[in-house]
Amino acid sequence: MSVPLVLLPSDEVPQDHLPTNNSNPLRLGPGLRILSQPSSKGSSHVLTATQAGLLTTDAKRNTVSLLSFPNRRYIPTVNDFVIAQIHHSSVDFFHCMVTPHTAHALLGQLSFEGASKKTRPMLKQGELVYARVQSVGVGAGAEVELTCVNPATGKADGGLGPLTGGMVFDVSTGMAARLIRASSSSAEHNDAIEGLVVLSELGKKLESLGGFEIAVGRNGKVWVDCSNAAESAVKVTVAVGRCLQETDQQNLHPHDQKKLVTKILRDMKLVS
Amino acid sequence: MVGPIASLSQLNRADGSASYKCPATGYSILGAVNAPIELPARRDALKPEEATVEVFVKPGTTTAGVGERYVEGILRSVLGKIVLGREKGFPRRGVVLTLAIVGGENVERGDSYLTILPALLHAGLLAMVSASVPLSMTFSATLLGVTKSGDIVRDPSPTAAKAAVSLHVFAVSSKNHLLLNESEGRFDFDTWELVRERALSICQGETAASADGDVSMGEGTASASLSGFIRETVEDQVYSDYAYNLDSI
């Protein structure tokens with residue numbers, strides 16, 4: 001890859017930065033749009049940025065996208081995993097909050113694994129679900145629909161469903177995306193994937209205490225639970241959350257992440 | 001001349017934020033953007049296909065008054081034109097920009113509000129960029145004063161602005177188009193033309209000469225112009241945010 005290229009709104013994507021794989025059509029990620037410029041010999045197309053960010057290309061999948069600032073607001077996109085909080089329930093739907101100050105997303109009362117009219121989860125206000133964005137609707141003011149099952153199989157793939165116990169921590173959307181990317185590419189052989197070592201480091205140090213469980217929502221929420229840790233469960237949960245939040249806010253380097261984990265675990269008297 | 005100072009994403013809870021300080025006029029602005037959010041009772045907006053841009057200007061020491069309402073109107077029209085309000089997730093939602101004047105002299109009632117306008121425009125633009133609001137272009141703005149002797153002064157201080165015969169604020173887009181022209185005082189067309197040329201050269205630097213729309217990316221030439229300053233500020237923030245990604249390249 002050549003020098004990193006930062007684009008500002010209205011900047012054109014240079015031709016030589018585009019992937020040259022011609023087998024399948026080029027796919028545009030968020031932050032880019034195609035404009036056609038009328039010229040003397042017909043019209044030509046240019047790709048321009050609509051947001052500021054770092055241009056990244058994936059030659060294998062023939063995609064080009066713009067990595068924007070990590071603090072931005074989450075905009076629901078189909079197939080994203082999110083952590084939603086139930087606001088209230090109506091006859092057919094649970095009304096959930098995905099991001100603050102936006103309209104509620106709808107989660108069908110029956111879109112859970114094995115749910116029927118007789119047996120379905122009775123979720124109360126404030127409870128959490130790990131859900132997938134099913135549709136975002138068409139046009140202005142459309143409602144976002146969530147689901148907790150894979151509609152094709154009827155199974156709750158990837159841990160979808162109500163989240164019981166544990167605690168939710170807010171991180172930036174960029175950090176959430178990074179955590180998801182880091183976990184999807186098998187982290188075993190590559191130690192510092194996406195520059196994140198905080199989770200593997202926590203995993204190593206907390207193994208003796210029973211380990212912990214996390215779920216990451218693209219809307220900038222991380223749910224942490226460690227029901228195995230008996231009396232120190234609360235401490236471990238808070239320690240994991242603090243490590244993630246501080247790594248995010250201070251944009252720590254892998255080396256500093258290890259230091260932070262050691263410091264926080266010692267502060268909370270979890271590891272001597 | 002000391003250039004302005006700016007940084008992005010300083011606030012943790014806002015979707016995007018920027019601080020901007022202009023040493024010449026002394027103003028320091030903190031801007032925050034939340035977008036796209038639901039505006040109460042605004043679901044039947046005049047243009048339901050587009051996002052609504054809302055701007056609030058808060059003076060440091062008093063409540064907002066007539067002067068603030070006036071600049072809010074200017075900011076709303078300029079930013080409303082460059083925000084792509086039809087992108088995914090934005091129609092019928094609001095883009096709310098709050099600008100707090102955290103430093104500099106108070107603008108008294110009756111004083112010209114144009115002196116602070118370029119700082120507000122820059123802080124607003126950078127906050128929008130930081131919140132990843134889709135924009136069709138970026139811009140840069142400058143304040144020019146014409147003195148009694150006919151000299152054109154760049155970024156006059158509030159006292160110099162009071163003594164000036166006329167004040168002009170220009171905003172020039174990244175495509176070298178004139179986006180905003182606000183003028184105050186007595187001037188004639190010849191003076192305005194001179195001021196406009198000066199503003200173009202301040203905002204775009206050397207690149208104003210090349211008509212093909214190519215922006216020179218060289219360090220030396222870019223930093224001289226205001227558009228180069230905006231670009232450098234954004235690049236610095238992207239590089240620091242994605243340091244983990246760039247290390248591996």
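Chain letters run A, B, ... following the sequence lines, proteins first, then strands; residues in each count from 1. The figures that follow rest on heavy atoms only: side chains count, while hydrogens, waters and symmetry mates do not.
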Side chain A:Asn71, main chain B:Leu11, donor-acceptor under 3.5 Å: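 At least one qualifying donor-acceptor pair exists.
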
Straight-line distance of B:Tyr242 OH to A:Ser68 OG, nearest 0.5 Å: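 So the gap between those two atoms works out to 6.5 Å.
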
B:Lys88 portion near chain A, given a 4.5 angstrom heavy-atom threshold: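 Both backbone and side chain.
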
Closest approach of B:Pro134 to A:Gln51 (non-hydrogen atoms, all atoms of both residues):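 Closest heavy-atom pair between B:Pro134 and A:Gln51: CA-CG, 4.2 Å.
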
Choice from B:Pro36, B:Ser240, B:Gly16, B:Gly89 maximising heavy atom contacts with chain A below 4.5 Å: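 Greatest number of close heavy-atom pairs with chain A: B:Pro36.
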
Shortest non-hydrogen separation from B:Arg231 to A:Leu8 and the atoms involved: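 Looking at all heavy atoms of both residues, the closest pair is CA-CD2, 3.9 Å.
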
Contacting moiety of A:Thr173, where chain B heavy atoms sit under 4.5 Å: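 For A:Thr173, neither part sits under 4.5 Å from chain B.
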
Whether over 12 other heavy atoms sit under 6.0 Å from A:His95 NE2: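 Yes, the 6.0 Å shell around NE2 holds more than 12 heavy atoms from other groups.
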
Chi angles and distances behind the side chain to side chain contact (heavy atoms under 4.5 Å, CB included) call for B:Asp15, A:Phe69: CA-CA 10 Å; B:Asp15 294 334; A:Phe69 293 105; over 6 Å; no

Where B:Asp241 and A:Pro70 come nearest, the two heavy atoms and their spacing: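 Result for this residue pair: OD2-CD, 3.2 Å.
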
Test side chain to side chain contact (heavy atoms under 4.5 Å, CB included) applied to A:Leu196 and B:Tyr244, step by step: CA-CA 8 Å; A:Leu196 279 174; B:Tyr244 68 90; over 6 Å; no

Options A:Gln249, A:Arg72, A:Glu12, ranked by heavy-atom pairs under 4.5 Å with chain B, top entry: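 Top count of heavy-atom pairs under 4.5 Å with chain B: A:Arg72.
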
B:Met137 side chain near A:Pro9 side chain, heavy-atom distance below 4.5 Å: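 The answer is no, as the side chains (C-beta and beyond) never meet within the 4.5 Å cut-off.
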
Atom pair NE2 (A:His104) and CD (B:Glu38), whose distance is rounded to the nearest 0.5 Å: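 Answer for the NE2-CD pair, A:His104 versus B:Glu38, is 9.5 Å.
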
A:Thr50: which of B:Leu135, B:Leu84, B:Val133 passes side-chain contact (heavy atoms from CB on, under 4.5 Å):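 By the side-chain contact (heavy atoms from CB on, under 4.5 Å) criterion, A:Thr50 pairs with just one of B:Leu135, B:Leu84, B:Val133: B:Leu84.
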
Nearest heavy-atom neighbours spanning A:Ala52 and B:Val234: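 Shortest heavy-atom separation between A:Ala52 and B:Val234 comes out as CB-CG1, 3.6 Å.
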
Under 4.5 Å from a heavy atom of chain B, the part of A:Pro30 involved: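 For A:Pro30, no heavy atom lies under 4.5 Å from chain B.
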
